[in-house]
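Lettering follows sequence order; numbering is per chain, from 1.
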Number of protein chains: 2
Amino acid sequence: MQPQNNIRLTNRRKVIIEELRKLHTHPTADELYEVVRKRLPRISLGTVYRNLEFLAGKGIIRKLEIGGTQKRFDGDLDIHQHIRCTECERIDDLPAGTAVTRCDREILENTGYEIIERRVEFIGICPACRARRAGEGPGHSGVVDTH
Amino acid sequence: MQPQNNIRLTNRRKVIIEELRKLHTHPTADELYEVVRKRLPRISLGTVYRNLEFLAGKGIIRKLEIGGTQKRFDGDLDIHQHIRCTECERIDDLPAGTAVTRCDREILENTGYEIIERRVEFIGICPACRARRAGEGPGHSGVVDTH
DNA sequence: ATAATAATAGTAATGATTACTATTAACAAA
DNA sequence: TTTGTTAATAGTAATCATTACTATTATTAT
C-alpha cells in the first residue's frame, strides 16, 4: 500500500511514548529528553521535539498550550483539567469532576493548591479564518494537520 | 517622600498605555511596538517590553498567559474571558456573561467563532511552594513582585 | 538650576524551538 | 535474506521571542 501513510514504529518513538506515559508531570521537551536519555544516551533533543509534535499531530499524545514559556506534553488522552503553580510552573491534574464552581477551600483540601485564579479559554476558528477556509474550496479532504 | 515609590509618568509610558487601551486585539509586544512607533519613531522594542511588564506588575494593564508562542497584553482590567483562533492565533473577548455551559451554537451566533475546545486552567500555589514559602519566615511583608 | 536617580536606546546575550543535511534505520518487495 | 526506497535521526546552525547590559538621557525633588 502507500508507504507514506505508515507510521514507522522506531525505538525512539516507543521510548518517548512509554516514558511520557509513565510521567504525570506534564514535562517540557527538555525534561522528557533528560528522562529518555537514560535509556537512549545517543538520542538528540531535536528528535524529542520532532516526535512530540509528530505524536501530538497523530493524536497519540497531547500538547498542552497552557501558559508558561515552554511547551508541555501529556500522555493522558482522557479529558481532564490542569492546575499550574505560579511559583515553580509545575502543572498537576485536577481530580476528575473538579468544576469551575467548586470553592477554593475544597480544591485546597483535595490538591493542596492555594487557588489564585481560574481562567477559561475558548479555542475555535474566528470568522475571518472560517471565510478564508470556505473560499479555499473543497480541495482539502479529510484530516488537516494543524502544526 | 521616598522617590523609589514613584512611578515616573514618562511620555513612553503614556503612549504605550493609550495605544494599548485603544486596541481590543490583545496585541503582542512587537505588535504594540509597531503601533506606538507611529507616534514615537525613536522608541525601542526593549522599552515596550520593559514597560508592558512594569505596568502589568503595577496592575495598570494585564498580561495574558494564554497559549501561543508570544506574550499578549490587555488594556481592559475588567474580568472577562477570551477566545483564541487556532488558525491565526488572534484573541478576541467573549461577550460578558458567556458561560462555559453555553452551547457552541450560541457562541457561534454571538461571536462568529466555531468552537473547537474549551479549556479551564486553575492557577495557584502548589503544596511544595506553599511549604517553602512558610519556611522562609515572615520576612517578606506586603506586595510580592511575581515577574 | 542642580543633584539624584529612574528610564531609555541600542546592542548583545539568552533560551526555547525549528530548520538543515548527511547519514542511518525501517519497511516493502524481490 | 538482500535490495531499494524513503522516512527518521544526530548534530549543528539558524531563528524567534525575550531579557540583560550599559552609556546616555530625562524626570522629579530640592
**Prompt:** Any idea which of C/dT18, C/dA7, D/dG11 is nearest the B/Phe54 side chain?
**Reply:** C/dA7
**Asked** If you look at every strand shown and take non-hydrogen atoms under 4.0 Å, does B/Asn51 touch a base, only sugar-phosphate, or nothing?
**Response** sugar-phosphate
**Message:** Is the shortest side-chain heavy-atom distance between B/Ile91 and B/Arg72 below 4.5 Å?
**Reply:** yes
**Request:** Can you measure from CG (B/Leu94) to CG (B/Asn110) and round to the nearest 0.5 angstrom?
**Result:** 9.0 Å
**Fill in**
A/Thr10 has its side chain closest, among C/dA6, C/dA16, D/dT9, to D/dT9
**Prompt:** Within a strict 4.5 Å, meaning less than it, do heavy atoms of the A/Glu19 and A/Leu32 side chains meet?
**Reply:** yes
**Request:** Rounded to the nearest angstrom, tell me the gap between atom CG in A/Leu45 and atom C1' in C/dA16.
**Result:** 9 Å
**Request:** Nearest whole angstrom, please: distance from the C1' of D/dA17 to the CD of B/Glu31.
**Result:** 13 Å
**Request:** Would you tell me if any nitrogen or oxygen in the side chain of A/Arg12 comes within less than 4.0 Å of OP1 or OP2 on C/dA26?
**Result:** no
**Prompt:** In terms of side-chain heavy atoms of B/Arg13, which of C/dT18, C/dT8, C/dA16 is nearest?
**Reply:** C/dT8
**Atom-to-atom span, NZ of B/Lys58 to C1' of C/dA6 - whole angstrom** = 12 Å
**Request:** Kindly point out which of D/dA17, D/dT27, C/dA9 is positioned nearest to the side chain of B/Tyr49?
**Result:** D/dA17
**Prompt:** How long is the line joining CG of B/Asp30 and P of D/dT19, in whole Å?
**Reply:** 13 Å
**Complete:** By nearest-heavy-atom nucleotide on DNA chain D, the more 5' of B/Arg50 and A/Gly46 is A/Gly46
**Item:** Selection from D/dA17, D/dT9, D/dT28 that lies nearest to any side-chain heavy atom of B/Gln70
**Value:** D/dA17
**Message:** What is the separation between atom CD on A/Glu53 and atom P on C/dT17, rounded to the nearest whole Å?
**Reply:** 9 Å
**Request:** For A/Leu52 and D/dA8, give me the distance from atom CG to atom C1', rounded to whole Å.
**Result:** 15 Å
**Prompt:** Does OP1 or OP2 of D/dC16 have a side-chain N or O of B/Lys71 closer than 4.0 Å?
**Reply:** no
**Complete:** Whole-Å distance, A/Asn11 CG to C/dA25 P, equals 11 Å
**Request:** Take the protein atom CZ of B/Arg72 and the nucleotide atom C1' of D/dT18, then report the distance between them rounded to whole Å.
**Result:** 15 Å
**Asked** Within the modelled atom types, does a donor on one side and an acceptor on the other bring the side chain of B/Arg42 and the base of C/dT8 under 3.5 Å apart?
**Response** no
**Request:** Let me see the working for A/Gln81 and A/Asp93 under side chain to side chain donor-acceptor pair (under 3.5 Å), right down to the final yes or no.
**Result:** CA-CA 6 Å; A/Gln81 305 303 335; A/Asp93 292 331; over 6 Å; no
**Request:** May I ask you to evaluate whether A/Thr47 reaches the phosphate of D/dA10, defined as a side-chain N or O under 4.0 Å from OP1 or OP2?
**Result:** yes
**Prompt:** Would you find a donor on one side and an acceptor on the other, under 3.5 Å apart, between the side chain of B/Arg13 and the backbone of B/Arg8?
**Reply:** yes
**Asked** Among the nucleotides C/dA6, D/dG11, C/dG10, which one has an atom lying closest to any side-chain atom of A/Ser44?
**Response** D/dG11
